[in-house]
2 protein chains.
Amino acid sequence: MHMSSPLPENPLCLDDQVCFSLYSAANAMVRAYRPYLEQLQLTYPQYLVMMVLWERNGISVKLLGEQLHLDSGTLTPLLKRLELKGLVCRGRSQQDERMRELALTDAGQALREQAMSVPLQMFCRTGLTPAQLTELKQLCDQLWSQLAE
Amino acid sequence: MHMSSPLPENPLCLDDQVCFSLYSAANAMVRAYRPYLEQLQLTYPQYLVMMVLWERNGISVKLLGEQLHLDSGTLTPLLKRLELKGLVCRGRSQQDERMRELALTDAGQALREQAMSVPLQMFCRTGLTPAQLTELKQLCDQLWSQLAE
DNA sequence: CCACATCAAATTGCACACAATATACTGGTT
DNA sequence: AACCAGTATATTGTGTGCAATTTGATGTGG
């Protein structure tokens with residue numbers, strides 16, 4: 001959308017659009033993760049899934065999707081790829097056969113050690129100060145909350 | 001990457017990661033554009049392309065890609081879809097047969113009028129103040145510059 | 001206990017992103 | 001003119017995102 005300072009003469013000017021900056025920054029961020037994550041054989045969305053599972057092993061696809069704001073259309077094929085890599089086991093819940101129980105394999109658990117260094121490397125890569133990153137996170141979270149309604 | 005305030009006890013905690021907030025906000029933003037853009041029969045990336053062409057009609061794929069930070073692998077099929085919709089003509093440059101000359105059709109030109117209302121609608125949709133949006137844009141631009149190096 | 005709404009995943013179809021590669025045109029060099 | 005490095009676009013292949021639909025299990029009212 002436009003930058004509104006306060007009335008833009010041309011609302012359709014690309015350089016004034018916050019959304020384009022957000023979109024480009026997010027694409028660049030995913031690209032920047034690639035060299036670090038390819039050592040783990042993971043894409044960025046797969047890395048996100050692994051982070052959730054490292055914290056909450058055994059959860060369902062639904063809960064995973066709520067954490068990541070992604071649906072089964074995205075997660076089902078992604079989880080199959082993680083299963084093929086031998087990192088995740090896609091079992092069924094005993095209580096409710098509809099639900100998957102996403103369990104880490106030993107290899108999936110072990111990968112956490114290698115992943116530990118990624119956040120600090122990416123932090124350095126951004127070149128932003130901790131205060132700037134905090135500010136950026138707050139604004140993104142606030143924007144997300146508004147758009148989710 | 002982690003939030004660093006100043007030493008996170010768990011660097012792999014999803015809720016502390018700026019990058020995940022950025023990623024989620026960008027996805028939500030593209031989703032939020034959908035209801036406004038489907039009246040124009042455009043996706044968000046197609047809308048970005050049209051915005052560039054409304055400003056710089058007749059440019060090449062290379063220049064378009066530099067503006068949008070996208071490559072030919074993304075743009076070629078996208079432009080073919082815009083051509084199918086009858087919005088863009090993918091001609092060849094006279095001086096250099098390698099280059100495409102991306103020219104708006106009359107329908108493509110006319111669509112600009114309908115698109116004029118989109119930025120203000122999206123601005124309202126965000127619920128952020130102009131100052132917050134300016135801050136967000138600056139941080140995204142700075143992050144992008146760092147990651148582009 | 002059975003029709004029926006509900007729910008969790010999966011599937012389908014489409015449109016990106018992007019790395020890697022291929023194709024085709026251009027401008028010198030010889 | 002033949003060669004060749006460089007350039008602009010296209011193609012291929014993989015992996016998302018997500019709307020829409022389907023499949024199969026669950027629970028619930030009659």
Side-chain angles (χ1 to χ4, degrees), chain A residues 20 23-35 37-38 40-50 59-66 68-85 88 90-102 144 147-148, chain B residues 20 23-35 37-38 40-50 59-66 68-85 88 90-102 144 147-148:
Chain A
F20 174 62
Y23 165 85
S24 294
N27 283 344
M29 181 274 292
V30 171
R31 270 196 303 273
Y33 263 101
R34 206 177 303 263
L37 292 181
E38 73 185 5
L40 316 186
Q41 303 261 60
L42 293 177
T43 65
Y44 182 68
Q46 290 168 5
Y47 170 70
L48 290 178
V49 167
M50 293 303 288
I59 64 169
S60 66
V61 175
K62 179 181 167 58
L63 283 177
L64 178 63
E66 285 172 4
L68 297 179
H69 316 309
L70 295 173
D71 72 358
S72 70
T74 301
L75 290 175
T76 296
L78 190 159
L79 288 164
K80 285 181 178 175
R81 277 173 222 120
L82 289 180
E83 190 176 40
L84 265 177
K85 288 185 219 272
V88 167
R90 298 165 64 243
R92 292 284 186 187
S93 162
Q94 293 293 343
Q95 301 85 354
D96 189 338
E97 286 282 336
R98 289 172 300 183
M99 289 196 289
R100 290 276 181 195
E101 226 172 57
L102 303 169
W144 186 88
L147 297 179
Chain B
F20 174 62
Y23 166 84
S24 294
N27 283 345
M29 180 274 292
V30 171
R31 269 196 304 274
Y33 264 101
R34 207 178 303 262
L37 292 181
E38 75 185 6
L40 316 185
Q41 302 261 61
L42 294 177
T43 64
Y44 181 68
Q46 289 168 8
Y47 170 69
L48 291 178
V49 167
M50 293 302 289
I59 64 168
S60 65
V61 175
K62 179 181 168 58
L63 283 176
L64 178 62
E66 284 172 5
L68 297 178
H69 317 309
L70 295 172
D71 71 359
S72 70
T74 301
L75 291 175
T76 296
L78 190 158
L79 288 165
K80 285 182 178 174
R81 275 172 225 121
L82 289 180
E83 190 176 43
L84 265 177
K85 289 186 220 272
V88 167
R90 299 165 64 243
R92 292 284 185 186
S93 163
Q94 295 292 344
Q95 301 85 351
D96 188 338
E97 286 281 338
R98 289 171 301 182
M99 288 196 290
R100 290 277 181 193
E101 226 172 58
L102 303 170
W144 186 88
L147 297 180

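The sequence lines fix the lettering, A, B, ..., with proteins before strands; numbering per chain opens at 1.
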Using a 4.0 Å heavy-atom cut-off across all strands, classify [X] as base, sugar-phosphate, or nothing.
X       : answer
A:Leu78 : sugar-phosphate
B:Leu70 : sugar-phosphate
A:Thr74 : base
B:Arg34 : sugar-phosphate

Rounded to the Å, how far apart are [X] [atom1] and [N] [atom2]?
X       : N      : atom1 : atom2 : answer
B:Leu79 : C:dA17 : CG    : P     : 13 Å
B:Leu84 : C:dA15 : CG    : C1'   : 13 Å
A:Asn27 : C:dA19 : CG    : P     : 11 Å
B:Leu68 : C:dC16 : CG    : P     : 12 Å
B:Leu37 : C:dA15 : CG    : C1'   : 14 Å
A:Arg31 : C:dA19 : CZ    : C1'   : 11 Å
B:Gln46 : C:dA15 : CD    : C1'   : 8 Å
A:Tyr44 : C:dC16 : OH    : C1'   : 18 Å

| From C:dA9, C:dT11, C:dA15, nucleotide with atom closest to A:Lys80 side chain | C:dT11

Interface polar pairs with nucleotides 20-28 of chain C, N/O, under 3.5 angstrom:
{"residue": "C:dT26", "atom": "OP1", "partner": "B:Glu97", "partner atom": "N", "Å": "3.1"}

Under a 4.5 Å cut-off applied to non-hydrogen side-chain atoms, are [X] and [Y] in contact?
X        : Y       : value
B:Gln46  : B:Val49 : no
A:Leu68  : B:Phe20 : yes
B:Leu42  : B:Leu82 : yes
A:Glu101 : A:Arg92 : no

| remark: In terms of heavy-atom contacts, A:Pro77 and A:Ser72 come closest through CD-O, 3.9 Å

| field | 5'-most by nearest nucleotide on DNA chain D - B:Lys62 or A:Lys85 | value |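 Upstream on the strand: B:Lys62.
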
| Any donor-acceptor pair under 3.5 Å linking the side chain of A:Arg100 with the backbone of A:Arg90? |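 A pair under 3.5 Å: yes.
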
| request: Please work out whether the ring planes of A:Tyr44 and A:Tyr33 are parallel, tilted or perpendicular, with thresholds of 30° and 60°. | output: tilted

| Can you check whether A:Arg100 has a side-chain N or O nearer than 4.0 Å to OP1 or OP2 of C:dA10? | yes

| Just to confirm, is there a sub-4.0 Å distance from OP1 or OP2 of C:dA8 to any side-chain nitrogen or oxygen of A:Arg92? |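 For C:dA8, neither OP1 nor OP2 has a side-chain N or O of A:Arg92 closer than 4.0 Å.
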
| query | Does A:Arg31 have any salt bridge (charged side-chain N to carboxylate O under 4.0 Å, His left out) partners at least two apart in sequence or in another chain, and if so, which? | reply | none

| said: Using the side-chain contact (heavy atoms from CB on, under 4.5 Å) definition, which of the options B:Ile59, B:Leu48, B:Leu78 pairs with B:Leu64? | reply: B:Ile59

| remark: Whichever of A:Arg90 and A:Ala28 has the more 5' nearest nucleotide on DNA chain C, that residue is A:Arg90

| task | For atom CD of B:Gln41, decide whether the heavy atoms of other residues, nucleotides or ligands shown that lie under 6.0 angstrom number more than 12. | result |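 At most 12 heavy atoms, drawn from other residues, nucleotides or ligands, come within 6.0 Å of this atom.
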
| said: Reading DNA chain D from 5' to 3', where do the contacts with chain A start and stop? Cut-off is 4.0 Å to heavy atoms. | reply: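 Both ends considered, the range comes out as D:dG15 to D:dT26.
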
